[in-house]
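In each ligand, atom 1 is the first atom listed, and ligand 1 is the first ligand listed. Since the model is a prediction, treat every value here as computed from it, not as a measurement.
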Amino acid sequence: MSQSSVIVTGASRGLGRAIALELARMGAAVTLNARTESALAQVKAEIEALGGRVEMLAGDVSAPDVAERLVAAAVLAFGRVDAIVNNAAVLTPLARIAESDSVEWQRNLQINVVGPYLLIQAALPHLRRAPQGRVINISSGAAVRPTAGWSAYCAGKAALNMLTAVLAEEEPAIVALAVRPGVVDTAMQVALREQGRAAMEPKAYQRFIDAYAQGALLPPERPGRALAALALHAPLAWSGRFISWDDPEVQALAG
Ligand SMILES: NC(=O)c1ccc[n+]([C@@H]2O[C@H](COP(=O)([O-])OP(=O)(O)OC[C@H]3O[C@@H](n4cnc5c(N)ncnc54)[C@H](OP(=O)(O)O)[C@@H]3O)[C@@H](O)[C@H]2O)c1
């Protein structure tokens, strides 16, 4: 069978970069997206250095034309789309509901929910044609755990979980999963430590400060490997679930 083709959003750094590199190591062709073209080009070069086949398209996932152009770029380069990984997201605004900026709040949901919806819609015709189409939505514990100061992020990740579950109902031949990647050492955690203090409950904020100080954050490569394995091998029987990267079943799949 020819090489799987996978689209990864938010692939310029952090978890998305790790997922893209792991996918290339596992033999998939990868199409990368994020807004920052220079950072994306660097990841593309890293994958090429591994001998991987890679394409990229810079753009904002919440812009209506970007999803269509991203899918078109993958199809032009690799002839198919077998899976998409909706990883791009923002944590901000870190503010209590009473003090939050409504424009910034809506922007979060445009990126974290509307972005995945647009890419799913654009990719579906190709995912239906693939031997096994897969949609991996990168969710968070925040989808099911309310955290003061994170209203947009929590609401958006909860919506992403439900979008995943509805997709599984509507498209029974496609694997749709929402996956919690753990607490990962990325720029998003830096933003949390820098901007979270004023908005969050002190105990909740301190847990993140302590986890960082104790070296307890995950290197992106660890969940990245599990998420890449899910994009290539997650079984149809799991479709619709919200699962964690370190679930023993997921670890078994990652080998
Ligand atoms: N880090 C954690 O502890 C943690 C925990 C739970 C869940 N997650 C989830 O894991 C995923 C990855 O997060 P991360 O920690 O790796 O964050 P990150 O380091 O901030 O990376 C986010 C990525 O998304 C891209 N991005 C942001 N807005 C975008 C937009 N509008 N259009 C296209 N690309 C966009 C960024 O690149 P540009 O800025 O260049 O666009 C970057 O490549 C997210 O879904 C996040 O919610 C993370």
Side-chain angles (χ1 to χ4, degrees), residues 7-22 30-44 46 56-67 69-70 84-94 104 106-119 135-145 147 150 152-161 163-164 177-196 207-209 211-212 216-224 226-228 230 242-246:
I7 296 174
V8 183
T9 68
S12 62
R13 61 171 189 257
L15 192 59
R17 170 181 168 275
I19 295 168
L21 283 161
E22 288 295 338
V30 194
T31 303
L32 314 172
N33 157 266
R35 291 166 301 184
T36 313
E37 190 154 11
S38 54
L40 213 49
Q42 235 172 314
V43 179
K44 182 171 182 278
E46 284 183 82
M56 61 173 260
L57 183 102
D60 186 326
V61 290
S62 68
D65 65 316
V66 168
R69 287 169 49 222
L70 192 49
I84 59 173
V85 181
N86 278 311
N87 167 79
V90 293
L91 178 61
T92 50
L94 283 164
E104 217 190 330
Q106 291 179 66
R107 180 89 187 105
N108 179 299
L109 272 83
Q110 283 290 327
I111 297 169
N112 294 7
V113 183
V114 179
Y117 157 78
L118 290 171
L119 186 57
V135 174
I136 307 297
N137 291 324
I138 307 302
S139 185
S140 165
V144 292
R145 189 182 54 241
T147 301
W150 295 17
Y153 187 76
C154 289
K157 292 299 186 184
L160 187 63
N161 281 13
L163 181 69
T164 309
L177 290 175
V179 192
R180 179 189 162 272
V183 182
V184 194
D185 193 4
T186 68
M188 190 173 278
Q189 285 289 323
V190 176
L192 192 168
R193 291 194 298 275
E194 288 178 356
Q195 301 170 42
R207 270 199 295 276
F208 286 99
I209 297 297
Y212 175 66
L217 303 192
L218 292 164
E221 294 70 28
R222 288 193 62 206
L227 293 160
L230 284 170
F242 173 44
I243 53 176
S244 184
W245 80 280
D246 59 354

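Where the criterion is an N or O separation shorter than 3.5 Å, residue side chain and backbone included, Gly10 meets it with respect to ligand 1. Annotation: Val183 places no N or O atom under 3.5 Å from an N or O atom of ligand 1; distance criterion only. The shortest N/O to N/O separation between Ser140 and ligand 1 does not fall below 3.5 Å.
Protein heavy atom at the shortest distance from atom 32 (N) of ligand 1 is Val61 N, 3.0 Å. Protein heavy atom in closest approach to atom 1 (N) of ligand 1: Thr186 OG1, 3.1 Å. Atom 40 (O) of ligand 1 has Thr36 OG1, 2.4 Å as its closest protein atom, hydrogens excluded (heavy atom only). Scanning all protein heavy atoms for the shortest distance to atom 37 (O) of ligand 1 gives Ser12 OG, 3.1 Å. Ranking the protein heavy atoms by distance from atom 12 (C) of ligand 1 puts Asn87 OD1, 3.1 Å first. Nearest protein neighbour of atom 29 (C) of ligand 1, counting heavy atoms only, is Arg35 NE, 3.4 Å.
Other residues, nucleotides and ligands contribute at most 12 non-hydrogen atoms within 6.0 Å of the OH atom of Tyr117.
Counting heavy atoms under 4.0 Å from ligand 1, residue Leu217 does not touch it at all. With a 4.0 Å cut-off on non-hydrogen atoms, Gln189 touches ligand 1 through its side chain and not its backbone. The proximity of Arg17 to ligand 1, defined as any non-hydrogen pair under 4.0 Å, does not occur for either the backbone or the side chain. Contact annotation: for Pro181 versus ligand 1, heavy atoms closer than 4.0 Å belong to the side chain alone.
Interface atoms of ligand 1 facing Gly59, defined by a heavy-atom separation under 4.0 Å, are 32 (N), 33 (C). The atoms of ligand 1 that sit less than 4.0 Å from any heavy atom of Gly14 are 16 (O). Less than 4.0 angstrom separates some heavy atom of Ile138 from each of these atoms of ligand 1: 9 (C), 10 (O), 11 (C), 45 (O). Using a 4.0 Å cut-off to heavy atoms of Asp60, the atoms of ligand 1 that qualify are 30 (C), 31 (N), 32 (N). For ligand 1, the atoms sitting less than 4.0 Å from at least one non-hydrogen atom of Leu15 are 10 (O), 12 (C), 16 (O), numbered in the order shown with element in parentheses.
The closest side-chain donor-acceptor pair between Ser139 and Asn137, if any, does not fall under 3.5 angstrom. In summary, the side chains of Ser62 and Arg107 do present a donor paired with an acceptor at a separation below 3.5 Å, with no hydrogens or angles considered.
When the heavy atoms of Ala88, Pro116, Ser62 are ranked by distance to atom 34 (N) of ligand 1, first place goes to Ala88.
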